[in-house]
Amino acid sequence: MRVIIEPDSKTAFQQAALILAHEIRTAENPVLGLATGHTVEAIYACLAREHAENGLDFSHTRTFNLDEYVGLRLDDPHSSHYRMQEDLFSRVNIPPENIHVLDGNNPHRPEECATFEETITEAGGIGIQLLAIGLNGHIAFNEAPADFDSRTRLVHLTPVTRRQRAPLFGGNPQNVPRRALTMGLGTILQARRLVLVAVGTEKAPIITQTLLGPVTRENCASAIHLHPDCTVILDEDAAALWHREKDALTCEHPA
(Lines give C-alpha, C1' and ligand atoms only; values in the text may rest on other atoms or scores of the structure.)
Protein backbone atom coordinates (compact mmCIF):
# COMPACT_ATOMS: atom_id res chain seq x y z
CA MET A 1 0.00 0.00 0.00
CA ARG A 2 1.21 3.49 -0.85
CA VAL A 3 0.14 6.52 1.18
CA ILE A 4 0.54 9.91 -0.50
CA ILE A 5 0.13 13.00 1.69
CA GLU A 6 -0.53 16.29 -0.05
CA PRO A 7 -0.46 19.70 1.67
CA ASP A 8 -4.13 20.43 1.10
CA SER A 9 -7.31 19.03 -0.41
CA LYS A 10 -6.80 20.77 -3.76
CA THR A 11 -3.50 19.05 -4.41
CA ALA A 12 -4.88 15.74 -3.11
CA PHE A 13 -7.68 15.91 -5.67
CA GLN A 14 -5.24 16.89 -8.41
CA GLN A 15 -3.04 13.90 -7.58
CA ALA A 16 -6.01 11.51 -7.85
CA ALA A 17 -7.03 13.10 -11.15
CA LEU A 18 -3.51 12.66 -12.52
CA ILE A 19 -3.65 8.93 -11.76
CA LEU A 20 -7.00 8.52 -13.51
CA ALA A 21 -5.91 10.65 -16.46
CA HIS A 22 -2.78 8.53 -16.90
CA GLU A 23 -4.93 5.39 -17.01
CA ILE A 24 -7.21 6.95 -19.62
CA ARG A 25 -4.23 7.96 -21.77
CA THR A 26 -2.21 4.76 -21.53
CA ALA A 27 -4.61 1.83 -21.16
CA GLU A 28 -5.72 0.20 -24.39
CA ASN A 29 -9.30 -0.01 -23.14
CA PRO A 30 -9.61 2.08 -19.96
CA VAL A 31 -12.21 0.88 -17.46
CA LEU A 32 -12.77 3.13 -14.46
CA GLY A 33 -14.73 2.45 -11.30
CA LEU A 34 -16.16 5.75 -10.09
CA ALA A 35 -17.66 7.09 -6.88
CA THR A 36 -20.08 9.93 -6.13
CA GLY A 37 -20.15 12.40 -3.27
CA HIS A 38 -18.52 15.61 -2.15
CA THR A 39 -15.01 14.13 -1.94
CA VAL A 40 -14.78 13.20 -5.62
CA GLU A 41 -16.52 16.19 -7.23
CA ALA A 42 -13.27 18.18 -7.38
CA ILE A 43 -11.48 15.19 -8.95
CA TYR A 44 -14.03 15.13 -11.75
CA ALA A 45 -13.64 18.89 -12.21
CA CYS A 46 -9.89 18.32 -12.73
CA LEU A 47 -10.59 15.60 -15.32
CA ALA A 48 -13.12 17.78 -17.16
CA ARG A 49 -10.60 20.62 -17.25
CA GLU A 50 -7.92 18.25 -18.57
CA HIS A 51 -10.32 17.22 -21.33
CA ALA A 52 -11.15 20.83 -22.25
CA GLU A 53 -7.63 22.22 -22.06
CA ASN A 54 -5.40 19.31 -23.01
CA GLY A 55 -7.64 17.00 -25.02
CA LEU A 56 -7.94 14.11 -22.56
CA ASP A 57 -9.91 11.63 -24.67
CA PHE A 58 -12.70 9.65 -22.99
CA SER A 59 -14.04 8.14 -26.20
CA HIS A 60 -12.71 4.64 -25.44
CA THR A 61 -13.23 4.80 -21.66
CA ARG A 62 -15.87 2.72 -19.91
CA THR A 63 -17.09 3.54 -16.41
CA PHE A 64 -18.90 1.71 -13.62
CA ASN A 65 -20.30 3.61 -10.66
CA LEU A 66 -20.12 2.16 -7.18
CA ASP A 67 -23.68 2.69 -6.01
CA GLU A 68 -27.11 4.20 -6.43
CA TYR A 69 -29.96 4.99 -4.07
CA VAL A 70 -33.14 2.93 -4.31
CA GLY A 71 -36.27 4.91 -5.14
CA LEU A 72 -34.80 8.05 -6.71
CA ARG A 73 -35.64 8.99 -10.28
CA LEU A 74 -32.69 9.10 -12.67
CA ASP A 75 -33.17 12.88 -12.97
CA ASP A 76 -33.30 13.43 -9.21
CA PRO A 77 -30.41 15.78 -8.31
CA HIS A 78 -29.41 13.41 -5.49
CA SER A 79 -29.08 10.31 -7.66
CA SER A 80 -25.74 8.99 -8.84
CA HIS A 81 -27.03 9.16 -12.43
CA TYR A 82 -27.71 12.87 -12.14
CA ARG A 83 -24.57 13.76 -10.19
CA MET A 84 -22.26 11.93 -12.59
CA GLN A 85 -23.86 13.64 -15.57
CA GLU A 86 -23.46 17.04 -13.94
CA ASP A 87 -19.96 16.50 -12.54
CA LEU A 88 -18.29 14.60 -15.38
CA PHE A 89 -20.13 12.83 -18.17
CA SER A 90 -21.75 15.91 -19.74
CA ARG A 91 -18.36 17.67 -19.70
CA VAL A 92 -16.29 15.07 -21.56
CA ASN A 93 -16.58 12.98 -24.74
CA ILE A 94 -17.54 9.65 -23.20
CA PRO A 95 -20.11 7.70 -25.26
CA PRO A 96 -23.38 7.16 -23.32
CA GLU A 97 -23.23 3.42 -24.00
CA ASN A 98 -19.91 3.26 -22.12
CA ILE A 99 -21.47 4.58 -18.90
CA HIS A 100 -22.80 2.06 -16.37
CA VAL A 101 -24.70 3.18 -13.28
CA LEU A 102 -26.94 0.87 -11.28
CA ASP A 103 -30.67 1.51 -11.68
CA GLY A 104 -32.16 1.87 -8.21
CA ASN A 105 -35.65 1.98 -9.69
CA ASN A 106 -35.44 -1.42 -11.34
CA PRO A 107 -37.92 -3.61 -9.41
CA HIS A 108 -35.91 -6.68 -10.44
CA ARG A 109 -32.97 -5.82 -8.21
CA PRO A 110 -31.21 -9.21 -8.14
CA GLU A 111 -31.23 -9.24 -11.94
CA GLU A 112 -30.02 -5.62 -12.06
CA CYS A 113 -27.09 -6.46 -9.78
CA ALA A 114 -26.22 -9.65 -11.64
CA THR A 115 -26.24 -7.88 -15.00
CA PHE A 116 -23.96 -5.16 -13.58
CA GLU A 117 -21.45 -7.80 -12.46
CA GLU A 118 -21.61 -9.53 -15.84
CA THR A 119 -21.02 -6.25 -17.67
CA ILE A 120 -17.90 -5.56 -15.58
CA THR A 121 -16.58 -8.98 -16.52
CA GLU A 122 -17.38 -8.44 -20.20
CA ALA A 123 -15.45 -5.14 -20.05
CA GLY A 124 -12.36 -7.03 -18.89
CA GLY A 125 -12.62 -5.93 -15.26
CA ILE A 126 -12.07 -2.53 -13.67
CA GLY A 127 -8.62 -1.05 -14.18
CA ILE A 128 -8.70 1.64 -11.49
CA GLN A 129 -11.37 1.91 -8.81
CA LEU A 130 -11.75 5.36 -7.23
CA LEU A 131 -12.92 5.23 -3.61
CA ALA A 132 -13.93 7.61 -0.85
CA ILE A 133 -14.44 6.57 2.78
CA GLY A 134 -17.39 7.12 5.10
CA LEU A 135 -17.08 8.22 8.71
CA ASN A 136 -17.98 4.68 9.80
CA GLY A 137 -15.55 3.10 7.34
CA HIS A 138 -18.00 2.28 4.59
CA ILE A 139 -16.74 2.25 1.02
CA ALA A 140 -19.36 2.47 -1.67
CA PHE A 141 -22.48 1.63 0.39
CA ASN A 142 -20.98 -1.45 2.03
CA GLU A 143 -22.05 -1.13 5.67
CA ALA A 144 -20.48 -3.07 8.52
CA PRO A 145 -20.37 -5.94 8.96
CA ALA A 146 -19.79 -6.70 5.28
CA ASP A 147 -18.20 -9.79 3.80
CA PHE A 148 -14.98 -9.16 1.91
CA ASP A 149 -16.19 -11.40 -0.91
CA SER A 150 -19.59 -9.68 -1.26
CA ARG A 151 -20.89 -8.81 -4.72
CA THR A 152 -23.19 -6.11 -6.07
CA ARG A 153 -26.42 -6.20 -4.06
CA LEU A 154 -29.19 -4.36 -2.20
CA VAL A 155 -28.17 -2.88 1.16
CA HIS A 156 -29.79 -0.96 4.01
CA LEU A 157 -28.05 2.27 4.96
CA THR A 158 -27.10 2.85 8.59
CA PRO A 159 -28.16 5.93 10.57
CA VAL A 160 -24.52 7.12 10.54
CA THR A 161 -24.41 7.02 6.75
CA ARG A 162 -27.77 8.72 6.41
CA ARG A 163 -26.68 11.50 8.80
CA GLN A 164 -23.48 11.93 6.81
CA ARG A 165 -25.47 12.29 3.58
CA ALA A 166 -28.15 14.54 5.17
CA PRO A 167 -26.57 17.86 4.06
CA LEU A 168 -27.20 16.80 0.48
CA PHE A 169 -30.87 16.18 1.31
CA GLY A 170 -31.83 19.46 2.96
CA GLY A 171 -30.11 18.60 6.24
CA ASN A 172 -32.67 15.99 7.28
CA PRO A 173 -31.48 12.36 7.56
CA GLN A 174 -35.08 11.24 7.12
CA ASN A 175 -34.92 12.51 3.55
CA VAL A 176 -32.02 10.19 2.72
CA PRO A 177 -33.18 6.91 1.16
CA ARG A 178 -32.94 3.92 3.48
CA ARG A 179 -31.74 1.49 0.81
CA ALA A 180 -29.25 1.45 -2.02
CA LEU A 181 -27.64 -0.81 -4.59
CA THR A 182 -23.90 -1.09 -4.14
CA MET A 183 -20.90 -2.76 -5.69
CA GLY A 184 -19.67 -5.35 -3.17
CA LEU A 185 -16.30 -5.44 -1.46
CA GLY A 186 -15.39 -8.55 -3.42
CA THR A 187 -16.14 -6.74 -6.68
CA ILE A 188 -14.12 -3.70 -5.58
CA LEU A 189 -11.15 -5.84 -4.59
CA GLN A 190 -11.07 -7.39 -8.08
CA ALA A 191 -10.11 -4.04 -9.63
CA ARG A 192 -6.50 -4.03 -10.72
CA ARG A 193 -5.76 -0.88 -8.74
CA LEU A 194 -7.51 1.00 -5.92
CA VAL A 195 -7.21 4.73 -5.28
CA LEU A 196 -8.78 5.90 -2.01
CA VAL A 197 -9.01 9.65 -1.35
CA ALA A 198 -9.79 11.29 2.01
CA VAL A 199 -9.43 14.91 3.07
CA GLY A 200 -10.22 16.99 6.14
CA THR A 201 -9.96 16.52 9.90
CA GLU A 202 -13.37 14.80 10.01
CA LYS A 203 -11.89 11.80 8.16
CA ALA A 204 -8.75 11.60 10.32
CA PRO A 205 -10.10 9.09 12.91
CA ILE A 206 -11.44 6.57 10.40
CA ILE A 207 -8.34 6.90 8.19
CA THR A 208 -6.15 6.19 11.22
CA GLN A 209 -8.27 3.18 12.17
CA THR A 210 -8.18 1.92 8.59
CA LEU A 211 -4.44 2.28 8.08
CA LEU A 212 -3.29 1.12 11.53
CA GLY A 213 -6.10 -1.06 12.81
CA PRO A 214 -6.90 -4.70 12.10
CA VAL A 215 -8.53 -5.97 8.93
CA THR A 216 -12.06 -6.56 10.12
CA ARG A 217 -15.63 -6.75 8.81
CA GLU A 218 -16.49 -4.03 11.34
CA ASN A 219 -14.45 -1.55 9.29
CA CYS A 220 -15.23 -2.21 5.64
CA ALA A 221 -12.46 0.10 4.44
CA SER A 222 -9.85 -2.13 6.09
CA ALA A 223 -10.41 -4.46 3.12
CA ILE A 224 -7.96 -2.29 1.16
CA HIS A 225 -5.15 -4.10 3.03
CA LEU A 226 -6.13 -7.22 1.07
CA HIS A 227 -5.43 -5.56 -2.28
CA PRO A 228 -1.97 -5.83 -3.89
CA ASP A 229 -2.05 -2.35 -5.48
CA CYS A 230 -3.74 0.31 -3.37
CA THR A 231 -2.88 4.01 -3.21
CA VAL A 232 -4.29 6.17 -0.41
CA ILE A 233 -4.22 9.93 -1.05
CA LEU A 234 -4.68 12.23 1.96
CA ASP A 235 -4.32 15.89 2.74
CA GLU A 236 -2.41 16.89 5.84
CA ASP A 237 -5.59 17.30 7.90
CA ALA A 238 -6.76 13.76 7.18
CA ALA A 239 -3.27 12.37 7.77
CA ALA A 240 -2.41 14.24 11.00
CA LEU A 241 -3.82 11.74 13.51
CA TRP A 242 -2.40 8.78 11.57
CA HIS A 243 1.04 10.42 11.67
CA ARG A 244 0.87 10.83 15.45
CA GLU A 245 -0.41 7.32 16.10
CA LYS A 246 2.11 5.77 13.70
CA ASP A 247 4.99 7.66 15.29
CA ALA A 248 3.84 6.64 18.76
CA LEU A 249 3.74 2.98 17.75
CA THR A 250 7.25 3.29 16.30
CA CYS A 251 8.54 4.70 19.57
CA GLU A 252 6.87 1.95 21.60
CA HIS A 253 8.10 -0.83 19.31
CA PRO A 254 11.34 0.33 17.64
CA ALA A 255 12.67 -1.84 14.87
Side-chain angles (χ1 to χ4, degrees), residues 1-20 33-44 46 66-67 128-148 150 155 157-168 182-189 191 193-253:
M1 182 185 300
R2 294 177 297 279
V3 179
I4 299 173
I5 301 174
E6 298 289 349
D8 52 41
S9 60
K10 180 180 179 180
T11 51
F13 297 143
Q14 289 172 339
Q15 179 63 38
L18 283 173
I19 293 172
L20 294 176
L34 301 179
T36 51
H38 179 69
T39 297
V40 297
E41 289 174 359
I43 298 172
Y44 298 148
C46 291
L66 284 170
D67 47 44
I128 291 184
Q129 176 63 62
L130 179 64
L131 299 169
I133 183 171
L135 296 179
N136 61 354
H138 75 250
I139 51 176
F141 276 138
N142 291 284
E143 303 277 23
D147 293 331
F148 291 161
S150 57
V155 294
L157 303 182
T158 66
V160 171
T161 297
R162 296 177 71 220
R163 284 196 300 271
Q164 185 179 345
R165 295 293 180 116
L168 303 174
T182 186
M183 195 183 292
L185 292 176
T187 310
I188 291 169
L189 291 173
R193 184 177 183 185
L194 304 181
V195 176
L196 187 150
V197 182
V199 299
T201 55
E202 189 178 40
K203 296 293 178 71
I206 191 60
I207 280 294
T208 303
Q209 180 183 337
T210 297
L211 295 181
L212 297 180
V215 177
T216 170
R217 294 172 66 238
E218 300 307 318
N219 176 11
C220 296
S222 68
I224 64 175
H225 288 278
L226 305 176
H227 198 279
D229 190 353
C230 178
T231 300
V232 178
I233 303 174
L234 310 173
D235 68 356
E236 289 187 352
D237 287 339
L241 180 59
W242 170 66
H243 261 313
R244 292 197 297 271
E245 295 286 342
K246 180 168 60 72
D247 291 345
L249 285 172
T250 301
C251 291
E252 291 174 10
H253 306 286

Student: To the nearest 0.5 Å, what is the distance between NE2 on His227 and CG on Leu194?
Tutor: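 Output value for this atom pair is 4.0 Å.
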
Student: Under 3.5 Å, is there a donor-acceptor pair between the side chain of Gln129 and the main chain of Ile188?
Tutor: no

Student: Supply the atom-to-atom distance Asn142 CG to Phe148 CZ, rounded to the nearest 0.5 angstrom.
Tutor: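 Rounded to the nearest 0.5 Å, the CG-CZ separation comes out at 10.0 Å.
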
Student: Does Ser222 use its side chain to pair, donor to acceptor, with the backbone of Thr216 at less than 3.5 Å?
Tutor: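 It does hold such a pair.
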
Student: Where is the tightest heavy-atom contact between His225 and Thr210, given as atom of each residue plus distance?
Tutor: NE2-O, 2.7 Å

Student: Going by side chain to side chain donor-acceptor pair (under 3.5 Å), name the pairs with one or both residues in residues 1-20, residues two or more places apart or in two chains.
Tutor: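 Of all non-adjacent pairs touching residues 1-20, those that pass side chain to side chain donor-acceptor pair (under 3.5 Å) are Arg2-Asp229, Arg2-Thr231, Asp8-Thr11.
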
Student: Given Leu66 and Ile139, is the side-chain contact (heavy atoms from CB on, under 4.5 Å) satisfied, shown in steps?
Tutor: CA-CA 9 Å; Leu66 284 170; Ile139 51 176; over 6 Å; no

Student: Any sub-3.5 Å donor-acceptor pair from Glu143's side-chain atoms to Thr158's backbone N or O?
Tutor: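 Between the backbone of Thr158 and the side chain of Glu143 there is a qualifying donor-acceptor contact (under 3.5 Å).
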
Student: May I have the step-by-step check of side-chain contact (heavy atoms from CB on, under 4.5 Å) for Ile233 and Phe13, ending in yes or no?
Tutor: CA-CA 8 Å; Ile233 303 174; Phe13 297 143; over 6 Å; no

Student: Just by distance, do the side chain of Thr208 and the backbone of Trp242 share a donor-acceptor pair under 3.5 Å?
Tutor: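 Confirmed, Thr208 side chain pairs with Trp242 backbone.
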
Student: Side chains of Ile207 and Leu241: closer than 4.5 Å at any heavy-atom pair?
Tutor: no

Student: Does Glu41, at its CD atom, have more than 12 non-hydrogen atoms belonging to other residues, nucleotides or ligands within less than 6.0 Å?
Tutor: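 More than 12 within 6.0 Å, yes.
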
Student: Please assess Val197 against Val40 for the test side-chain contact (heavy atoms from CB on, under 4.5 Å), listing each intermediate value before the final yes or no.
Tutor: CA-CA 8 Å; Val197 182; Val40 297; 5.9 Å; no

Student: Nearest heavy-atom pair of Ala17 and Cys46: which atoms, and what distance?
Tutor: CB-CB, 3.5 Å

Student: Picking from Arg162, His138, Gln164, what satisfies side chain to side chain contact (heavy atoms under 4.5 Å, CB included) with Leu157?
Tutor: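 Option passing the side chain to side chain contact (heavy atoms under 4.5 Å, CB included) with Leu157: Arg162.
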
Student: Please name the pair of heavy atoms, one in Ala144 and one in Glu218, separated by the smallest distance, quoted to 0.1 Å.
Tutor: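 The answer is CB-O, 3.4 Å.
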
Student: Would you give the length of the straight line joining atom CG of Leu20 to atom CG of Leu34, rounded to the nearest 0.5 angstrom?
Tutor: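 Separation between the atoms: 7.5 Å.
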
Student: What's the spacing between Asp237 CG and Thr201 OG1 if we round to 0.5 Å?
Tutor: 5.5 Å

Student: Roughly how far, to the nearest 0.5 Å, is the CG atom of Leu196 from the CD1 atom of Ile224?
Tutor: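 So the gap between those two atoms works out to 5.5 Å.
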
Student: Which distance, rounded to the nearest 0.5 Å, do you find between the CD1 of Ile5 and the NE2 of His243?
Tutor: 3.0 Å

Student: Do you know the tightest heavy-atom contact between Ala238 and Ala198?
Tutor: CB-O, 3.5 Å

Student: Tell me whether Asp67 contacts the main-chain N or O of Met183 through its side chain, where contact means a donor paired with an acceptor under 3.5 Å.
Tutor: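 Such a contact is absent between Asp67 side chain and Met183 backbone.
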
Student: Please find the pair of heavy atoms, one from Ile133 and one from Ala221, that lie closest to each other, and give the distance.
Tutor: CD1-CB, 3.5 Å

Student: Is a side-chain N or O of His38 found less than 3.5 angstrom from the main chain of Arg165, in a donor-acceptor match?
Tutor: no

Student: Please give me the minimum heavy-atom distance between Asn219 and Gly137, naming the atom from each residue.
Tutor: OD1-CA, 3.4 Å

